[in-house]
Amino acid sequence: MSSASQSRPWDVHRLPSAQGRNFLVTGGNAGIGYFAAEQLAATGAVVVLGCRDAAKAGAAVTSIRSRVSGARVRHLRLDLADLSSLKTAADRLDLDHLDAVVHNAGVALDDLPRRETGDGHELMFATNHLGHFALTRWLAPLLSAAPAGRIVTVGSFAARSERLDLDDLQSTRDYRPKRTYGRSKLAQMCFGFELDRRLRAVGSTVLSVVAHPGGALDSLTPSRPPVRVTTPGQRLRALPAGLLVQGKDAGAWPVVRAVLDAQVQGGQLWGPRAFGLRGTPRREPVPSHMADPAVAARLWAASAELAGTDPHLGFR
């Protein structure tokens, strides 16, 4: 890379070329994942949308192709709540290397009762954290085959005020949907930071980075029919909130920078510039409760056992 391109400030609207690179975005059919995929497709990379629903994925592919000339985008059927299906999904990627995976897909429930996957795991913890933990294991060979693979975990502002209950990771005793969601995102972020420590320890070329979208509202998000339509009325009512938060298109900016910027290093946290809620992406200090090695070690051991996966996740 030339010194000129290194010194030029990062511009969310002028992304570097990523020709020849392959990216997988889980949950790339909606929300932050959709906009991350759309922005990454504009770099010339191959972008794979990993999602459960083929019709929704098809709508997202159509939308990206209509906005990005020559976009190389396709769908991979991926159900993070079904752990036994993940190896097959990774095999079906049909790539010789993977330059980055964006662990973005998530379930956010806000009502009772507590729900479980077919494997018997609480649905939000299973989809948001365990599924991505297990998927990493099956993507490890493809990420290691890239010159500088990256695993970008999409966290949430909701995780800042939560703490993990290591004796009740799946909220079996005390299920409150919002808190369980925040804890599932905290588990993901702890995993992202611990993963980088472990990758460094084994001398891997792969980096693990954590990014979060800040405050990202549907009502401030530009329309992408048929994926999502935001009415003028919704946008008007949301304008006052726009002083503090932003749309999901801007919420994707820290994620995209974590994937593309050659200056980004493993173990970093990236989020929006203004109070961590809105604006262009910048590096943030990692909150201490997300980087506690003792908590991370217990979470890691429990996750490997629950997911029935190799605790080294294929990196040795």
Side-chain angles (χ1 to χ4, degrees), residues 24-27 33 50-52 76 78-91 93 98 100-108 116-144 149-156 159 162 164-166 168-171 180-202 204 206-212 266-267 290-316:
L24 168 63
V25 181
T26 73
C51 22
R52 202 175 49 228
L76 172 74
L78 180 68
D79 184 357
L80 289 159
D82 180 4
L83 295 172
S84 64
S85 71
L86 298 179
K87 181 181 187 305
T88 307
D91 290 344
L93 263 174
L98 184 64
V101 57
V102 177
H103 285 334
N104 159 80
V107 178
E116 291 189 349
T117 66
D119 297 319
H121 302 310
E122 189 280 317
L123 185 61
M124 287 187 276
F125 181 77
T127 306
N128 302 357
H129 170 62
L130 276 187
H132 285 119
F133 184 92
L135 179 64
T136 304
R137 158 72 187 93
W138 303 119
L139 297 177
L142 290 175
L143 289 159
S144 299
R150 288 191 192 185
I151 297 158
V152 177
T153 298
V154 181
S156 169
E162 296 297 346
L164 293 175
D165 181 346
L166 291 163
D168 189 24
L169 284 171
Q170 306 207 58
S171 308
T180 296
Y181 171 76
R183 287 180 173 179
S184 75
K185 297 302 288 185
L186 175 56
Q188 264 193 289
M189 295 172 85
C190 288
F191 160 67
F193 296 122
E194 176 66 12
L195 176 59
D196 197 72
R197 287 193 286 271
R198 293 181 183 230
L199 290 168
R200 301 290 66 78
V202 297
S204 174
V206 180
L207 304 179
S208 172
V209 186
V210 180
H212 75 89
M290 295 182 187
D292 183 328
V295 170
R298 284 186 61 189
L299 172 66
W300 192 284
S303 302
E305 190 176 333
L306 289 167
T309 196
D310 163 27
H312 299 283
L313 296 187
F315 298 101
R316 288 175 190 268

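One distance of note links NZ of Lys185 with CE of Met124; it measures 11.5 Å at 0.5 Å rounding. Atom OG in Ser184 sits 9.5 Å away from atom CD in Glu162 (nearest 0.5 Å). A distance of 8.5 Å separates CG in Leu143 from OG in Ser204, rounded to the nearest 0.5 Å. Of the inter-residue distances, the one linking Leu135 atom CG with Thr309 atom OG1 reads 10.0 Å to the nearest 0.5 angstrom. With rounding to the nearest 0.5 Å, the separation of CZ in Arg298 from CG in Asp292 is 10.5 Å. Here the CG-CG distance, from Leu142 to Leu24, works out to 9.5 Å after rounding to the nearest 0.5 Å.
Between His103 and Thr136 there is a side-chain heavy-atom pair separated by less than 4.5 Å. Residues Glu122 and Thr180 have side chains in contact (heavy-atom distance under 4.5 Å, counting atoms from C-beta outward). At least one side-chain heavy atom of His129 sits under 4.5 Å from a side-chain heavy atom of Leu299. With contacts defined as side-chain heavy-atom distances shorter than 4.5 Å, the pair Leu130/Phe125 qualifies.
The environment of CZ in Arg198 is crowded: more than 12 heavy-atom neighbours from other residues, nucleotides or ligands sit within 6.0 Å.
Across all non-hydrogen atoms, the minimal contact from Ala105 to Gly27 is CB-N, 3.5 Å. Nearest heavy atoms, Leu83 versus Gly131: CD2-CA, 4.0 Å. Residues Trp138 and Pro141 approach most closely at O-CD, 3.7 Å, considering heavy atoms. Closest approach of Arg137 and Gly314 over heavy atoms only: CD-N, 3.7 Å. Minimum heavy-atom separation, Leu139 to Ala90: CD2-CB, 4.0 Å. Across all non-hydrogen atoms, the minimal contact from Ser208 to Gly192 is OG-O, 2.6 Å.
At least one donor-acceptor pair under 3.5 Å links the side chain of Thr26 to the backbone N or O of Asn104. Side chain of Asp79 to main chain of Arg52: no donor-acceptor pair is present (N/O by atom type, distance under 3.5 Å, no hydrogens or angles). Here the side chain of Asp310 pairs a donor or acceptor atom with the backbone of His312 at under 3.5 angstrom. At least one donor-acceptor pair closer than 3.5 Å links the side chain of Gln188 to the backbone N or O of Asn128. Trp300 places a side-chain N or O within donor-acceptor distance of the main-chain N or O of Pro311, the cut-off being under 3.5 Å. No donor-acceptor pair closer than 3.5 Å links the side chain of Thr127 to the backbone N or O of Ala81. In this structure, the side chain of Asp196 does not engage the main chain of Leu207 through any donor-acceptor pair within 3.5 Å.
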Does Gln170 form a side chain to side chain contact (heavy atoms under 4.5 Å, CB included) with Leu306? I'd like the steps, not just the answer. CA-CA 10 Å; Gln170 306 207 58; Leu306 289 167; 3.6 Å; yes
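Under the 30°/60° scheme for interplanar angles, the aromatic rings of Phe191 and Phe133 are found to be tilted.
No donor-acceptor contact under 3.5 angstrom links the side chains of His132 and Thr153, judged on distance only.
For the side-chain hydrogen bond (donor to acceptor under 3.5 Å, both in side chains) test, residues two or more places apart in sequence or in another chain that qualify with Asp168 are Thr172.
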